[in-house]
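The structure appears below as structure tokens.
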Number of protein chains: 2
Amino acid sequence: MQDDLMVIPEAVGQEGLLERIRRLVLGGEFPPGALLPEAYLAQEFDVSRTPVREALKQLQHEGLVEIRPKVGTFVREPTRREIIELFQLKESLEGLAASLLARRGEVPELTILRRNLEDSDEAVLAGDTEAYARLVHEFHWTIVRGSDNYKLFEHYERLMNQLAYQRLVLRTVEHPGRIAASTGEHHAVLEMIEHKDPFGAESAMRNHVYASSREALVTEPERKP
Amino acid sequence: MQDDLMVIPEAVGQEGLLERIRRLVLGGEFPPGALLPEAYLAQEFDVSRTPVREALKQLQHEGLVEIRPKVGTFVREPTRREIIELFQLKESLEGLAASLLARRGEVPELTILRRNLEDSDEAVLAGDTEAYARLVHEFHWTIVRGSDNYKLFEHYERLMNQLAYQRLVLRTVEHPGRIAASTGEHHAVLEMIEHKDPFGAESAMRNHVYASSREALVTEPERKP
DNA sequence: TTACCGTCGTTTGTATGCAACAGACTCTTG
DNA sequence: CAAGAGTCTGTTGCATACAAACGACGGTAA
């Protein structure tokens, strides 16, 4: 299995470009409101303007840039309201995922989740916030994957792309108390899932997402004038 | 004010094309699964392939078509399993919408909903299934709009396009017993919303969507061999 | 000094050409 | 007769070229 080497013919040329431009925008090199000339990006990534244009359109859908027709493409930071809306969606979708996963039997994802929580506990004890952040990410994605609903997976993927700004730029400095609470909530979610309690799993998951979003939103400061 | 004559510079060339291709797809001229050649569309609408390509990407984002890289663009044709998955999503998203709407005060959408139910009752008594189908559509969309969550609106739009909902709802409507039950559920949903009961509204909405989906799925037979 | 008009540079939007890939069809061979 | 390899057509993906529009800048006049 050499998945890494199995280069998808040219979707790589496309998605790779999209990823790179997204990282460039999120990297903060261009301040919000700055112009992103297509020609510059084309030269920078050694492609023509055509694929750059397509990638920018996608980034517009993700809310990262704003395309003013006949004027140009500008870096745009999602508004606080948009982030709130996205978190509400996240709560609903992940609640559904947990519910669906709880309805399933013993699936491989449960093993991953158990292992994930063990590692998370270790990371918390070790104070390794970076590893913990990665494990949190894996926890949520595993539940969505484990729901065995591919359409849900697709919409969730889209949602998380739109939340990429929040994840990567507004790096929420997790309060220690919040980390403890979060791990506790994770355990509660998994317990409900293992008890095959769809309603309880959904409720626990939504509580967890809501609490996390609250934390993320209070951490996000006011907009500078 | 001559808004009609205030031609938006060239977004007209773009949006006009997008609208026309969208209507072409929705019109059913191309059956689900059919290939939409870029060259054909370009010639048909007397433009080059480049703007056609951009419009198709937008349509893919809306969920109306599926672009298989290096193969072609096809009118979306959901499998039965995908329809089930999409209905699960629909239940979750509409539940969220009803919940959010119930949290809001007296908003214009409530007036629309009350009027909608009056008209629906009339349509049921008159046996006007066509009008009823249209009103059902309006009911659901009004709730999603009334949720005041634009990101939810966007995801819902994509979901409904993928479901090709308008194709499904027509078959569902033909069951007299189901129509009576459906109207009753609509009334229950609105009542919960008017009582500003988010949990009750979400629950009622999800029950309704679930019942409708069951009906749609039994109505939709197996795929022809 | 300020408001306005014309010119210019930069950027986007569209058209076209070319190369590469996917899928189907046919021909050959066991 | 069936299976496989090779070819061949249709379609997409990308690069490049050109034209049009927007916004800024400077000059002019009141």
Side-chain angles (χ1 to χ4, degrees), chain A residues 5-22 24-25 29-76, chain B residues 2-3 5-22 24-25 29-77 79:
Chain A
L5 297 183
M6 278 209 38
V7 180
I8 297 144
E10 60 74 42
V12 145
Q14 181 65 288
E15 296 187 0
L17 178 64
L18 176 60
E19 289 291 336
R20 285 196 286 181
I21 297 183
R22 184 190 287 127
L24 182 69
V25 173
E29 189 159 347
F30 291 79
L35 172 66
L36 279 175
E38 296 173 2
Y40 168 79
L41 296 175
Q43 181 180 350
E44 184 74 10
F45 297 118
D46 199 49
V47 291
S48 133
R49 272 181 51 212
T50 312
V52 169
R53 243 171 119 54
E54 299 192 3
L56 287 179
K57 274 213 133 190
Q58 174 63 29
L59 258 50
Q60 181 186 34
H61 285 131
E62 294 178 9
L64 290 178
V65 304
E66 174 190 359
I67 300 179
R68 286 207 285 258
K70 276 296 188 182
V71 177
T73 304
F74 300 87
V75 178
R76 169 185 186 278
Chain B
Q2 322 181 21
D3 283 354
L5 298 183
M6 277 206 41
V7 181
I8 297 146
E10 60 69 41
V12 146
Q14 180 65 288
E15 293 187 3
L17 177 65
L18 177 61
E19 287 293 335
R20 283 196 285 180
I21 297 182
R22 185 188 286 121
L24 185 68
V25 173
E29 187 157 351
F30 288 79
L35 171 67
L36 284 172
E38 297 174 359
Y40 168 79
L41 296 175
Q43 182 181 350
E44 184 73 10
F45 297 120
D46 199 49
V47 291
S48 130
R49 272 182 49 212
T50 313
V52 168
R53 235 173 127 59
E54 298 194 2
L56 287 180
K57 271 218 135 192
Q58 173 65 26
L59 257 51
Q60 180 189 34
H61 182 263
E62 294 177 9
L64 282 175
V65 303
E66 174 190 0
I67 299 179
R68 286 207 284 260
K70 278 292 187 183
V71 177
T73 304
F74 301 86
V75 179
R76 191 138 219 173
E77 179 184 33
T79 66

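No hydrogens, no waters, no symmetry mates; every other heavy atom, side chains included, goes into these values.
Partners of A/Arg49 by salt bridge (Lys or Arg N to Asp or Glu O under 4.0 Å), not counting sequence neighbours, listed by chain and number: A/Glu38. Under the salt bridge (Lys or Arg N to Asp or Glu O under 4.0 Å) criterion, B/Arg76 pairs with no residue, sequence neighbours left out. Residues passing the side-chain contact (heavy atoms from CB on, under 4.5 Å) test with B/Ser48 are B/Thr50, B/Pro51, sequence neighbours excluded.
Residues B/Phe45 and B/Val52 form no side-chain contact, since every pair of their non-hydrogen atoms from C-beta on lies 4.5 Å or further apart. Residues A/Leu36 and A/Leu59 form no side-chain contact, since every pair of their non-hydrogen atoms from C-beta on lies 4.5 Å or further apart.
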So which protein N/O to nucleotides 15-19 of chain D N/O distances come out below 3.5 Å?
{"from": "D/dA15", "atom 1": "OP2", "to": "A/Ser48", "atom 2": "N", "distance (Å)": "2.5"}
{"from": "D/dA15", "atom 1": "N7", "to": "A/Thr50", "atom 2": "OG1", "distance (Å)": "3.1"}

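Between A/Arg53 and C/dT12 there is no side-chain N or O to OP1 or OP2 distance below 4.0 Å.
Residue A/Ile67 comes nearest to A/Leu56 through the heavy atom pair CD1-O, 3.9 Å, listed as atom of the first residue, atom of the second, then distance.
Direction change of the helix axis from one end of the helix from C/dT1-D/dA30 to C/dG30-D/dC1 to the other is 10°, with five pairs defining each end axis (rounded to 10°).
Side-chain contact, B/Gln58 with A/His61: a donor N or O sits under 3.5 Å from an acceptor N or O.
Contact check on B/Arg22 versus B/Glu19 returns a salt bridge, with a Lys/Arg side-chain nitrogen under 4.0 Å from an Asp/Glu carboxylate oxygen.
Between B/Gly72 and A/Val71, the residue whose closest nucleotide on DNA chain D is further toward the 5' end is B/Gly72.
Only A/Leu35, A/Leu36, A/Pro37, A/Glu38, listed by number, bring a heavy atom of residues 34-43 of chain A to less than 4.0 angstrom from any atom of DNA chain C.
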